[in-house]
Amino acid sequence: MERIQDIESASTVAPAAAFPLKASAPHAPAQRNAFEVTTLNVWYGQKHAVQDCTLNIPERTITAIIGPSGCGKSTFLRCLNRMHELVPRARIAGTIRFFGQDLYAPQIDPAVVRRRIGMVFQKSNPFPTMSIAENVTVGLRLNGIGNRAYLRERMEQSLRMAALWDEVKDDLGKPGVSLSGGQQQRLCIARAIATQPEVLLMDEPASALDPIATMKVEELIHQLSRDYTIVIVTHNMQQASRVSDKTAFFYLGRLIEYNDTEKLFTRPREKQTEDYISGRFG
């Protein structure tokens with residue numbers, strides 16, 4: 001299938017050539033790192049939100065970020081696609097490389113970064129004036145893609161990948177906000193993957209959902225990890241243990257421990273990690 005970078009010549013924003021990402025090799029002999037984060041520090045004004053964070057996130061894995069409220073989880077996540085820059089007085093030090101490319105190099109266009117590294121937010125946010133179909137394809141259309149056949153193909157494929165097609169295929173003209181909460185969140189996931197990013201960042205995507213809708217989102221995350229690198233912030237440690245391959249524990253802006261999920265939850269190296277996952281604080 002034609003990928004978005006093949007037709008971005010019609011884009012109204014900076015072309016993908018300004019940010020030469022590498023496509024994932026289908027049969028790579030060794031797993032590469034999608035992100036290499038080195039000595040990351042983030043401030044909002046005088047508040048030092050993330051302090052000296054260093055970790056590597058392998059491609060096509062699910063990495064969970066856990067920790068108590070205000071520990072820097074969401075700030076770290078938003079740094080991975082430069083969303084934190086939208087917050088007034090935010091500044092950053094350190095390095096984040098995406099498949100070897102410095103995300104913060106002067107020539108890198110943040111808009112292109114955010115196209116290639118998609119984001120799903122805590123609160124589902126379908127555009128209220130748009131239909132289900134329009135919600136899925138809005139990113140493509142904003143990038144200047146007007147080929148109706150291509151838009152239809154991407155819309156259906158994205159809804160299928162989001163496990164939503166069978167539920168909405170006869171109601172594509174209805175408003176996106178007419179769906180249930182869980183369906184709206186999957187619609188937002190479909191919208192995020194329609195532009196075919198390499199990575200999906202998810203900021204507590206199931207925190208506002210009921211248990212059944214949460215289960216569907218978790219199943220979807222597992223399915224999507226075959227094709228995407230996924231980084232998920234969650235306040236739910238049971239969810240982190242269920243869905244992730246690797247887990248990072250943050251506390252007071254610092255990365256305390258990062259390991260394979262099974263090891264971190266059963267044999268934590270740090271006492272702070274053990275205290276948090278055992279419920280002694282947090």
Please assess Ile66 against Phe265 for the test side-chain contact (heavy atoms from CB on, under 4.5 Å), listing each intermediate value before the final yes or no.
CA-CA 11 Å; Ile66 64 171; Phe265 277 92; 4.2 Å; yes

Is it true that [X] and [Y] fall in one hydrophobic cluster, defined by side-chain heavy atoms closer than 4.5 Å?
X	Y	value
Ile230	Val243	yes
Ile132	Tyr150	no
Leu252	Met237	yes
Met83	Val199	yes
Val120	Leu187	no

Please step through side-chain contact (heavy atoms from CB on, under 4.5 Å) for the pair Phe98 and Val113, ending with a clear verdict.
CA-CA 10 Å; Phe98 181 54; Val113 172; over 6 Å; no

Strictly distance-based, threshold 3.5 Å: is any side-chain N or O of [X] a donor or acceptor partner for the main-chain N or O of [Y]?
X	Y	result
Arg254	Cys71	no
Tyr258	Asn56	yes
His48	Val50	yes
Asp245	Ile62	yes
Asn143	Gly139	yes
Asn236	Gln238	yes
Asp210	Ala213	yes
Gln184	Val177	yes
Asn147	Ala149	yes
Thr61	Ile57	no

Return the minimal non-hydrogen interatomic distance between [X] and [Y], and the atom names on each side.
X	Y	value
Leu80	Leu103	O-CD1, 3.2 Å
Ile277	Pro268	CD1-CG, 4.0 Å
Met202	Ile189	CE-CD1, 4.1 Å

Within a strict 4.5 Å, meaning less than it, do heavy atoms of the [X] and [Y] side chains meet?
X	Y	result
Trp43	Thr75	no
Leu224	Ile193	yes
Arg152	Leu172	yes
Met130	Pro175	no
Val37	Phe76	yes
Leu40	Ile92	yes

Salt-bridge test for Arg141 and Glu134: reply yes if a basic N is under 4.0 Å from a carboxylate O, no otherwise.
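Salt bridge between Arg141 and Glu134, a charged N being under 4.0 Å from a carboxylate O: no.
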
Given side-chain contact (heavy atoms from CB on, under 4.5 Å), test Leu159 with Val168 step by step and report yes or no.
CA-CA 9 Å; Leu159 287 171; Val168 303; 4.1 Å; yes

Is it the case that [X] and [Y] place a side-chain donor and acceptor less than 3.5 Å from each other?
X	Y	answer
Glu274	Ser278	no
Thr247	Thr261	yes
Thr273	Glu257	yes
Ser74	Asp203	yes
Asn81	Arg115	no
Thr229	Glu59	no
Glu204	Thr234	no

How about Leu86: does its CG atom have over 12 heavy atoms from other parts shown lying under 6.0 Å from it?
yes

Evaluate ring-ring contact (aromatic ring centres under 6.0 Å, His included) for Tyr276 paired with Phe249, printing each intermediate quantity in order.
CA-CA 9 Å; Tyr276 181 71; Phe249 168 53; 5.0 Å; yes

Does the Lys NZ or Arg CZ of Arg116 fall within the cation-pi geometry relative to Phe99 - under 6.0 Å from the ring centre and within 45° of the axis?
no

Kindly indicate, with the supporting measurements, whether the criterion salt bridge (Lys or Arg N to Asp or Glu O under 4.0 Å) is fulfilled by Arg186 and Glu167.
CA-CA 11 Å; Arg186 283 182 284 147; Glu167 298 173 37; 2.9 Å; yes

Determine the sole option in Gln223, Glu198, Met161 for which the side-chain contact (heavy atoms from CB on, under 4.5 Å) test with Tyr228 is passed.
Met161

Any idea how His84 and Tyr104 line up, ring-wise: parallel (<30°), tilted (30 to 60°), or perpendicular (>60°)?
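His84 and Tyr104: tilted rings.
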
Atom [atom1] in [X], atom [atom2] in [Y]: separation rounded to 0.5 Å?
X	Y	atom1	atom2	result
Asn259	Leu55	CG	CG	11.5 Å
Ser158	Leu140	OG	CG	7.5 Å
Lys216	Gln183	NZ	CD	7.0 Å
Leu200	Ile221	CG	CD1	9.0 Å
Ser69	His235	OG	NE2	8.5 Å

Sequence neighbours excluded, which residues qualify as salt bridge (charged side-chain N to carboxylate O under 4.0 Å, His left out) partners of Arg269?
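For Arg269 there are no salt bridge (charged side-chain N to carboxylate O under 4.0 Å, His left out) partners, ignoring immediate neighbours.
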
Go through the structure and list residues passing side-chain contact (heavy atoms from CB on, under 4.5 Å) with Pro110, not counting sequence neighbours.
Arg82, Glu85, Arg114

Start with the C-alpha gap between Arg91 and Asn41, add the side-chain angles, then the distance that decides, and say whether side-chain contact (heavy atoms from CB on, under 4.5 Å) holds.
CA-CA 8 Å; Arg91 59 190 178 94; Asn41 286 271; over 6 Å; no

